[in-house]
Amino acid sequence: KNFSTEEDCLLVSAWLNVGIDPIQGVDQSQGTYWGRIYDYFHADRTFESTRTTISLMNRWSGIQHDVNLFCGCVTRIQDRNRSGSRVDDKIAEACALFKSEDRKNRKFTLMHCWNILKDKPKWMERQKEITCAKKKQATRNRRQRPFQVPHQENLLPQMPVVQMLNHQEDRMERRKTKKS
């Protein structure tokens with residue numbers, strides 16, 4: 001069964017609240033962390049749901065992936081800096097960009113999650129971490145790219161080997177005759 005909008009919003013809220021709890025902090029195992037998200041999700045729900053910890057983890061992974069991609073689309077649209085563009089126009093363009101770049105040509109269906117996450121410090125910090133990690137990876141990839149030496153045959157004139165040998169012999173004979 002697909003997650004409802006209400007379930008998505010509660011899961012996002014659980015992720016935001018469990019991670020910023022000053023008592024627990026970030027020093028907790030993944031099992032403890034997701035157990036707390038599960039508890040928060042089921043304690044605060046006002047609807048019927050039998051979601052397991054694993055289903056919440058999987059759904060969060062999908063939400064995080066798609067909202068991250070959408071944030072990238074929004075950033076690229078905003079960086080174009082078109083005068084006269086309204087916020088609604090930019091969001092619509094970002095939705096179109098998301099769809100055009102998606103391998104399965106999917107629409108962005110998590111606007112309700114993005115609206116909750118976009119201005120939250122925890123999400124914004126996560127976005128910075130992802131951006132920095134991508135930049136470091138790109139730099140590392142550039143550094144690791146080996147210098148490619150052109151193939152020897154590309155450095156030599158394009159003539160058959162026999163012809164090259166004959167040419168070299170001719171040059172040697174000419175030198176001998178010049179010296180005598």
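Both backbone and side-chain heavy atoms feed into the values below; hydrogens, waters and symmetry mates do not.
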- Message: Let's go through C73 and L69 carefully: what are the C-alpha distance in whole Å and the side-chain angles of both, what is the deciding distance for side-chain contact (heavy atoms from CB on, under 4.5 Å) to 0.1 Å, and is it a yes or a no?
- Response: CA-CA 6 Å; C73 293; L69 291 178; 5.5 Å; no
- Task: Would you check, one step at a time, whether the test side-chain hydrogen bond (donor to acceptor under 3.5 Å, both in side chains) holds for S13 with N17?
- Result: CA-CA 6 Å; S13 178; N17 288 300; 3.1 Å; yes
- Query: Nearest 0.5 Å, what's the OG-CG distance between S49 and L56?
  - Reply: 7.0 Å
- Message: Under a 4.0 Å threshold between the charged nitrogen and the carboxylate oxygen, would D89 count as salt-bridged to R86?
- Response: yes
- Task: With sequence neighbours left out, write down each residue that passes side-chain contact (heavy atoms from CB on, under 4.5 Å) with D39, or none if nothing qualifies.
- Result: none
- Message: When you measure from the side chain of E125 to the backbone of K122, do you find a donor-acceptor pair of N or O atoms at a distance under 3.5 Å?
- Response: no
- Task: Would you please name every residue forming a side-chain hydrogen bond (donor to acceptor under 3.5 Å, both in side chains) with R103, sequence neighbours left out?
- Result: none
- Flag, side chain of T75 to backbone of C71, donor-acceptor distance under 3.5 Å: yes
- Set of salt bridge (Lys or Arg N to Asp or Glu O under 4.0 Å) partners for E6, sequence neighbours left out: none
- Message: Suppose we screen for side-chain contact (heavy atoms from CB on, under 4.5 Å). Which residues come up paired with N115, at least two apart in sequence or across chains?
- Response: M111, K118
- side-chain hydrogen bond (donor to acceptor under 3.5 Å, both in side chains) with D66: which residues, sequence neighbours excluded? R106
- Task: Return the set of residues passing side-chain hydrogen bond (donor to acceptor under 3.5 Å, both in side chains) with T52 (not counting sequence neighbours), or none when no residue passes.
- Result: S55
- Side-chain heavy atoms of F70 within contact of T109, under 4.5 Å: no
- Task: List in chain and number order the residues that pass ring pair (Phe, Tyr, Trp, His ring centres under 6.0 Å) with F98, two or more places apart in sequence or in another chain; answer none if no residue qualifies.
- Result: F108
- Message: Which Ile, Leu, Val, Met, Phe, Trp or Tyr residues join I77 in one cluster when any pair of side-chain heavy atoms under 4.5 Å counts as a link?
- Response: L97
- Would you call R80-E93 a salt bridge at under 4.0 Å N-O? yes
- Yes or no on side-chain contact (heavy atoms from CB on, under 4.5 Å) for L10 and F47, after CA distance, side-chain angles and deciding distance? CA-CA 10 Å; L10 185 54; F47 47 83; 3.8 Å; yes
- I37 meets the side-chain contact (heavy atoms from CB on, under 4.5 Å) criterion, sequence neighbours left out, with L11, A14, W15, V18, Y33, W34
- Taking only residues two or more places apart in sequence, or in another chain, which ones meet Y38 in a ring pair (Phe, Tyr, Trp, His ring centres under 6.0 Å)? H42
- Not counting sequence neighbours, which residues clear side-chain contact (heavy atoms from CB on, under 4.5 Å) with K1? List them please. R51
- Sorted by chain and number, sequence neighbours left out, side-chain hydrogen bond (donor to acceptor under 3.5 Å, both in side chains) with Q78 holds for none
